[in-house]
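Just below is one structure, and these are the notes that go with it.
The sequence lines fix the lettering, A, B, ..., with proteins before strands; numbering per chain opens at 1. When reading the values below, keep in mind they use all heavy atoms of this one structure, side chains included, and skip hydrogens, waters and symmetry mates.
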Protein chains: 2
Amino acid sequence: MSETNEIKVAVDAIVFGYQQNTLFVLLVKQKFGQMKGTWVLPGGFVLKHESLIEAVTRELQEEAGIQVNYLEQLYTFGDNIHRDPRFRVISVAYFALVNPNNFALVEQNDTDAEEAQWFAIDRIPRLGYDHNEIIKVAHQRIKNKLTYQPIGFDLLADEFPFSDLESLYTIILEQDIDRRNFRKKILSLGFIEETDTLVANTGSGRPARLFRFNKDTYNQLLSKGFHFEIKFA
Amino acid sequence: MSETNEIKVAVDAIVFGYQQNTLFVLLVKQKFGQMKGTWVLPGGFVLKHESLIEAVTRELQEEAGIQVNYLEQLYTFGDNIHRDPRFRVISVAYFALVNPNNFALVEQNDTDAEEAQWFAIDRIPRLGYDHNEIIKVAHQRIKNKLTYQPIGFDLLADEFPFSDLESLYTIILEQDIDRRNFRKKILSLGFIEETDTLVANTGSGRPARLFRFNKDTYNQLLSKGFHFEIKFA
DNA sequence: TACATTTGCGTAAAAATTACACAAATACAT
DNA sequence: ATGTATTTGTGTAATTTTTACGCAAATGTA
């Protein structure tokens with residue numbers, strides 16, 4: 001029974017960002033140890049006196065100087081006994097999103113991670129531990145979640161043109177959607193507000209109106225039993 | 001960093017069973033320690049050389065002599081630092097279902113748990129640790145999952161009358177449904193087979209035909225992109 | 001000022017969901 | 001054996017939701 005003392009508890013974060021019509025994942029390069037030089041998910045061991053959530057946010061701060069604006073528990077990886085070759089470690093993985101405001105990475109000193117960097121989801125190198133698998137699970141999660149929770153707005157700026165939302169969906173779901181039906185459906189939900197700002201696109205084309213996700217309205221609807229759902233043919 | 005050694009890893013299981021139109025949860029009575037006599041979820045510490053899944057199945061066997069027929073990870077509870085007053089413990093909770101074949105509890109000797117017992121979901125006593133909260137999460141999970149995955153069949157016998165499936169849904173979702181529309185929808189999915197067995201009900205009434213869930217057919221549909229979904233007015 | 005590019009918008013057809021009531025088969029009581 | 005209570009089994013019309021689809025407006029650039 002006391003053997004459980006020898007199991008270490010880690011947290012890891014899969015942080016998604018969205019820029020230039022691309023979905024990115026945040027990775028850090030290991031600075032010390034036998035894994036030195038390999039890319040891994042930001043994360044580390046949980047301290048005895050901190051909660052799991054505190055541990056992830058601390059690690060994200062330390063290793064990448066980043067603040068996420070959506071965070072939820074993803075899955076706990078502990079079935080592969082040798083996922084860490086050094087010790088028996090179970091890792092509680094967290095799923096996080098950052099919007100363009102927080103996309104920038106701040107250089108940190110004095111940490112395990114030499115550098116942090118964004119990688120396009122389809123250009124992830126071979127990672128340390130079982131982190132490639134963890135990313136697969138997270139990738140599936142973001143795809144599913146996009147259809148039944150309004151998390152897309154956590155990847156966009158506060159105000160965004162409709163086409164951004166649309167391409168975010170097509171890119172993450174890897175699926176074409178009908179522009180007109182998409183717009184109709186989204187607007188019918190009732191929590192997307194039209195602003196009166198117009199922005200010109202780079203290149204040519206008619207300027208686009210900016211929209212805003214109203215979280216309060218969304219929460220009100222939620223409490224009335226509303227259920228978000230976006231599906232396409 | 002080495003402080004993580006002092007975090008213990010436990011697993012707990014929320015096992016649901018369905019009998020006599022009632023949803024039950026499996027609990028065990030603590031036999032030793034300062035919690036002696038209080039009811040808790042079946043579970044215990046993870047051994048160094050076993051996977052998380054192995055730990056749960058072992059504990060279920062040891063404490064209740066039960067074999068489940070659906071098992072998935074639910075959530076890892078580790079934000080309340082004092083959820084266990086003795087040590088810092090994080091618990092990986094598992095969500096399980098048993099069908100009527102495996103509902104019977106087998107007496108075990110030599111374990112931490114004095115006895116195991118089924119409790120109706122709305123008659124759960126005050127439990128040890130944070131287990132009442134864990135059950136709440138699991139309860140929500142079963143409600144959600146029932147609508148987007150065919151887990152109801154893991155709570156029913158291999159062959160079942162349609163009315164059983166129907167009342168399972170009404171009871172777990174706490175919501176009335178239209179018998180005709182429900183039957184129509186379910187049968188239209190294409191993976192529920194009609195048997196040619198008729199069974200008389202206890203009491204009076206027209207005998208009911210038995211149906212069977214065809215998992216193979218369901219899996220084939222899944223791989224073709226089919227998406228299970230049951231909604232009601 | 002013509003051309004390319006992007007935004008913005010409506011309607012008709014098809015599909016899915018909802019609402020709704022009565023007959024058939026049995027057990028039980030008389 | 002007959003009537004009554006109980007449970008299973010079934011169809012259709014109205015409504016709502018989803019799908020398919022094309023052209024005009026506003027800009028930048030050559």
Expressed in angstrom and rounded to an integer, what is the separation of B:Lys185 atom NZ from D:dT17 atom C1'? 13 Å
Listed in order of residue number, which residues of residues 155-170 of chain A have a non-hydrogen atom at under 4.0 Å from DNA chain D? none
Side chains of A:Asn101 and A:Asn69: does their closest heavy-atom pair fall under 4.5 Å? no
Heavy atoms only: give me the nearest B:Lys185-B:Lys231 pair and the separation to one decimal. NZ-N, 3.9 Å
Mind telling me whether B:Phe16 and B:His139 have parallel, tilted or perpendicular rings, with 30° and 60° as the class edges? tilted
Quick one: do B:Asn214 and B:Glu193 satisfy side-chain hydrogen bond (donor to acceptor under 3.5 Å, both in side chains)? Show the steps, please. CA-CA 7 Å; B:Asn214 188 328; B:Glu193 302 175 342; 2.5 Å; yes
So A:Leu23 and A:Ile142, do their side chains get closer than 4.5 Å, heavy atoms only? yes
Quick one: what's the B/S/- string for nucleotides 22-30 of chain D, heavy-atom cutoff under 4.0 Å, read 5' to 3'? B--BBBS--
Show, in sequence, the C-alpha distance, side-chain angles and deciding distance for B:Ile135 and B:Ile121, and conclude whether the side chain to side chain contact (heavy atoms under 4.5 Å, CB included) test is met. CA-CA 9 Å; B:Ile135 287 181; B:Ile121 185 72; 4.0 Å; yes
From CZ of A:Phe182 across to C1' of D:dT19 the rounded distance in Å is 16 Å
First and last nucleotide of DNA chain C, 5' to 3', lying under 4.0 Å from heavy atoms of chain B: C:dT17 to C:dA27
Is B:Leu210 close to B:Glu194 at the side-chain level, that is, under 4.5 Å between some pair of heavy atoms? no
Using atom CD1 of A:Ile230 as one end and atom P of D:dT17 as the other, report the distance to the nearest whole Å. 14 Å
Please confirm whether A:Tyr75 and A:Phe95 have ring centers closer than 6.0 angstrom. no
For A:Tyr169, the option from A:Phe153, A:Phe182, A:Tyr18 that meets ring pair (Phe, Tyr, Trp, His ring centres under 6.0 Å): A:Phe182
Plane angle bin for A:Phe228 and A:Phe191 - parallel if under 30°, tilted between 30 and 60°, otherwise perpendicular: tilted
Which whole-number value in Å describes the distance from B:Glu229 CD to D:dT17 C1'? 14 Å
Atom-pair distance (NZ on A:Lys231; C1' on D:dT17), nearest Å: 13 Å
Can you check the A:Arg183 CZ to D:dT18 C1' distance for me, whole Å? 19 Å
Can you check the A:Asp176 CG to D:dC21 C1' distance for me, whole Å? 15 Å
Over 60° means perpendicular and under 30° means parallel, so tell me whether B:Tyr129 and B:His131 are parallel, tilted or perpendicular. tilted
What's B:Lys184 touching, base or sugar-phosphate or nothing? Going by heavy atoms closer than 4.0 Å. base
